[in-house]
Amino acid sequence: MSVTTQPSTALGHGPAGPDRRLRSGQARMEQRWGLGMALPAITGFVLFIVGPMIASFVIGLTDWTIGESPTFVGIDNFTTMLGDDPLFWQSVGSTLYYAILAVPLTLVVGFGVALLLNQTVRARGFFRTLFYLPVLVPSVASAILWTWIYNPDLGLLNSLLESANLPTSQWIYGTATVIPSLAIMSAWGFGNMAVIFLAGLQGVPHHLYEAVECDGGGAWHKLRYVTLPMMTPTILYNLVMGMIAALQIFNEAYLMTEGGPGNRSLFWVYYIYRTAFGESRLGYACALSWGLFVVVATITVLIFRSARKWVFYLGSDS
Amino acid sequence: MVTAGTRLPIDVRTAGKRPGVARISHGVIVALLVIGGLVCLAPFFWLLRSSFMDEAQIFATPPMWIPDPFTIENYVDGLRSQPFFGYFLNTMTLELIVVPGILFTCSLAAFAFGRLRWRGRDVVFGVLMSGLMLPYAATLVPTFIGWERLGLIDTYVPLTLPAWFAGAGGGMASVFLLRQFFRTIPRDLDEAAYLDGASPMRVYLQIIVPLSKPALLVVGVFTFFAVWNDFLNPLVYISDGAKFTLALGLAAFKGTFSSEWGYLMAASTVVTLPVTVLFFVAQRQLLAGIALTGLKD
C-alpha cells in the first residue's frame with residue numbers, strides 16, 4: 001500500500017476509536033464463526049477417529065464375540081498377538097513386503113512418466129489423461145479384470161507369454177509370485193502420482209536449469225542437481241500417501257486371493273476383517289487394529305524423520 | 001528484473017545442442033510415451049473387447065484383439081441376471097446424500113481454517129490434518145460396533161452420516177484442497193463485505209462459494225468417485241442384497257459367475273463407464289485439482 005492512499009481508519013468512521021471497536025468486533029465475530037464453521041469437522045474427528053481409537057483400545061482388552069457380552073482379559077490379546085500368533089506375523093510380513101514393493105515401483109514409474117511428459121509439449125494433455133485412466137477403474141472391476149489377466153490357464157499374461165514361447169507364471173496363485181503380482185497391479189494405477197509429479201516438475205524454476213547449462217552441465221546433471229532436489233517435497237508427499245494406502249490393502253486380498261495361497265496375501269486389514277466379521281472375535285480384531293495404527297504411525301514418523309536429511313525446501317537451503 | 005518465469009529469447013533447452021540431437025531425443029520420448037500408453041490401455045482394451053465376445057472367442061489362442069463377430073449377449077443376459085439397475089439407484093442415493101454433505105461441511109471448515117482468524121485455529125487444523133495419516137482401517141471395527149449398538153447396521157446411515165461431519169477425518173484432504181484454493185481469492189473482497197456489515201456466513205455463501213466453483217467441482221467429483229468405488233464400507237455395513245451398491249453387487253456377481261468371463265467383463269465395463277465419462281467431462285479441472293493436492297503449504 002502506498003503512502004498516499006487514505007488510511008483505512010478514514011473509511012467514513014472518523015479516527016482510530018470506532019475503527020478499533022470495529023476491529024475487535026470483527027475479531028470476536030471471526031472467533032465465534034471460525035470455531036462454529038469448523039465444528040462439523042472437529043466433531044467428525046472426535047466422533048469417528050478419537051472415539052473409535054479409544055474404544056478400540058478398551059475393546060482390545062476384552063474377549064468379545066458379537067452378540068455376547070465382553071469379558072475383561074487385560075493385555076492378553078496384545079500378548080497373544082505379539083508372542084503367540086504366527087498368522088499375525090505372517091500378515092505383518094506380507095503387508096510390509098507388499099508396501100515395500102508396490103510403493104517404490106509406483107513412485108519410480110510415476111516419476112519417470114512425469115519426466116517424459118514434462119519434456120514434450122505436444123499432446124501432453126492427451127498422454128496425461130491416458131495415464132490417468134487406470135486410476136478410474138473401480139477397484140472391484142479392476143480386481144475382476146486382473147484376476148483374469150493373472151489366470152494361469154486362460155489369462156492374458158500367460159497366453160501372451162506362451163505365444164512368445166516364454167516361461168509362464170502362476171501369478172497370484174503362486175506363493176512366491178502373489179505379492180509381486182499384486183504390486184505390479186497397483187503400479188498400473190501410477191497415474192495419480194504422475195499427475196502430482198508433473199505439477200511439481202512444472203514448478204521447478206527454469207533459471208536453475210539455465211545455471212547448470214552455463215556451467216556446461218548436461219541432462220544428467222540437470223536431473224541430479226536440480227530436478228531431484230527440487231522434487232523431494234513432492235516425492236515425500238507421494239511416498240507418505242502411497243505407504244499409508246499400501247499398508248491398508250484389502251480389496252485385492254478379499255476379491256482376488258482370499259488371503260492365499262497359503263496365507264501369503266493375508267494382509268493386515270484383511271486379517272482384521274476376517275477376525276472381526278468372519279470369526280466374530282471383536283476384542284482380538286481391535287488389538288490387531290491398534291497394532292496396525294502403531295505400525296503405520298511409526299513408519300510415517302520414520303519417513304518424516306529421514307525427510308529432514310533428504311528433503312530440500314527452497315528458501316531454507318543450507 | 002529477470003524472474004524465474006521469464007523466457008529468454010532463445011530456447012535454452014536446445015541451445016548449444018545440435019538441432020538433430022534434440023529431434024532424435026524428442027522422438028525417443030514420444031516413442032516411450034506411446035509404449036507406456038499402450039501398456040496402460042491394454043488391460044482396458046482387454047476388458048472392453050472381452051465384454052463383446054462369446055466364450056470361444058474370449059479364450060482363443062493366440063488371443064484375439066478384435067471381437068468377430070461383436071455380440072452384446074453378455075450385456076443383455078449378464079446384466080439381467082442381477083438387479084444392476086437397483087444397485088445403480090442405491091449407489092446414486094448414497095451419492096446424493098454424501099456429495100452435498102462433503103461439499104458443505106468441508107468447504108465450511110476450509111473457510112474457517114483458511115480465511116477466518118481465531119484462537120487455536122492452527123493447532124486444530126494440524127490435529128485434524130494428522131487424521132489423514134491415520135489408517136482408516138484401524139477405526140473400522142470399533143466404528144462398526146458403535147453403529148451396531150445404535151441398531152443401524154444394514155442401513156445407509158453409517159455410509160452417509162460421516163459425510164456431514166466433513167467426511168470423518170478422510171475429508172481433510174478435501175478441506176486442505178479447498179483451503180488452498182480459498183487462499184488464492186483476494187482478501188479485499190472479504191474485508192469490503194465485512195465493512196458493509198456482512199457476517200462470515202454471508203461472505204462464505206456470497207463471495208467464496210461462487211468464486212470457488214472449480215475447486216468445489218473437483219472435490220465433488222472425487223467424492224463421487226470415492227463413493228462409487230468404495231467396497232470395504234458397504235461390505236461391512238450392508239448385507240441385504242436389495243440395498244447393495246454397484247461395487248458390492250459386482251463383487252457378489254463375481255462370486256456367482258466366477259467362470260462366466262464374458263458376463264463379468266460386461267458388468268465391470270458397465271460399472272467403470274459412468275466414472276470414466278464423468279472424468280472426461282471435467283478432466284481439465286480434475287487433473288489440476290489432483291496437482292493441487294500435492295502442493296506443500
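The side-chain heavy atoms of I272(A) and L140(B), taken from C-beta on, include no pair separated by under 4.5 Å. Between L145(A) and F44(B) there is no side-chain heavy-atom pair separated by less than 4.5 Å. Residues T147(A) and W261(B) form a side-chain contact, since some pair of their non-hydrogen atoms from C-beta on lies under 4.5 Å apart. Side chains of V141(B) and Y284(A) form no contact here, defined as non-hydrogen atoms less than 4.5 Å apart. You'll find the side chain of I144(A) stays beyond 4.5 Å of the side chain of F253(B), heavy atoms only. Side-chain contact between Y273(A) and V236(B): present, with at least one pair of heavy atoms (C-beta onward) separated by less than 4.5 Å. Within the 4.5 Å cutoff, the side chain of F231(B) has heavy atoms near those of the Y254(A) side chain. At a threshold of 4.5 Å between non-hydrogen side-chain atoms, the residues L235(B) and F250(A) count as touching.
Within 6.0 Å of atom CD in E258(A), 12 or fewer heavy atoms from other residues, nucleotides or ligands are found, so the atom counts as exposed in its surroundings. Surrounding CZ of F57(A) are at most 12 heavy atoms belonging to other residues, nucleotides or ligands under 6.0 Å away.
Only the side chain of F304(A) comes within less than 4.5 Å of a heavy atom of chain B; its backbone N, CA, C and O stay farther away. Contact annotation for F104(B): neither backbone nor side-chain heavy atoms come within less than 4.5 Å of a heavy atom of chain A. For F197(A), no part sits under 4.5 Å from any heavy atom of chain B, backbone or side chain. Only the side chain of V296(A) comes within less than 4.5 Å of a heavy atom of chain B; its backbone N, CA, C and O stay farther away. When heavy atoms are compared at a cutoff of 4.5 Å, L35(A) approaches chain B by way of both its backbone and its side chain. For D153(A), no part lies near chain B; criterion is any non-hydrogen pair under 4.5 Å. Within the 4.5 angstrom heavy-atom criterion, only side-chain atoms of V240(A), from C-beta onward, approach chain B. Contact annotation for A276(A): only side-chain heavy atoms (C-beta onward) come within less than 4.5 Å of a heavy atom of chain B. Contacts between M265(B) and chain A at a heavy-atom distance below 4.5 Å involve the side chain alone, from C-beta outward.
Looking only at heavy-atom pairs under 4.5 Å with chain B, the residue among L282(A), L39(A), T300(A) that has the most is L282(A). With respect to chain A, the highest number of heavy-atom pairs below 4.5 Å among G36(B), A137(B), P200(B) belongs to P200(B). Chain B forms more heavy-atom pairs under 4.5 Å with one residue of V269(A), I149(A), L133(A) than with any other, namely L133(A). In terms of heavy-atom pairs under 4.5 angstrom with chain B, the leader among F190(A), Y209(A), W64(A), W146(A) is W64(A). For the set V124(B), L134(B), T276(B), the entry with the most heavy-atom pairs within less than 4.5 Å of chain A is L134(B). The most heavy-atom pairs under 4.5 Å with chain A, out of G37(B), S50(B), P43(B), come from P43(B). For the options W33(A), W290(A), F131(A), W148(A), heavy-atom pairs under 4.5 Å to chain B are most numerous at W148(A). When each of T43(A), V50(A), T129(A) is checked for heavy-atom pairs under 4.5 Å with chain B, T129(A) comes out on top. By number of non-hydrogen pairs under 4.5 angstrom with chain B, the leading residue of S163(A), S56(A), G51(A), A55(A) is S56(A). Most heavy-atom pairs under 4.5 Å with chain A, from the set T269(B), V30(B), I58(B): that is I58(B). For the set T105(B), L47(B), L232(B), the entry with the most heavy-atom pairs within less than 4.5 Å of chain A is L232(B).
For the side chain to side chain donor-acceptor pair (under 3.5 Å) test, residues two or more places apart in sequence or in another chain that qualify with E30(A) are Q26(A), R117(B).
Taking the six-membered ring where tryptophan is involved, the planes of Y132(A) and F279(B) are essentially parallel, since the angle between them stays under 30° and well short of 60°.
Across L255(A) and A251(B), no two heavy atoms sit closer than the pair CD2-CB, 3.7 Å. Between I42(A) and L128(B), the closest heavy-atom pair is N-CD2, 4.1 Å.
Of the residues M29(A), M37(A), Q31(A), the one that meets the side chain to side chain contact (heavy atoms under 4.5 Å, CB included) test with W118(B) is Q31(A).
Counting only residues at least two apart or in different chains, salt bridge (Lys or Arg N to Asp or Glu O under 4.0 Å) contacts with residues 281-294 of chain A comprise E279(A)-R281(A).
If you take CD1 on I49(A) and OH on Y136(B), they are separated by 10.0 Å, rounding to the nearest 0.5 Å.
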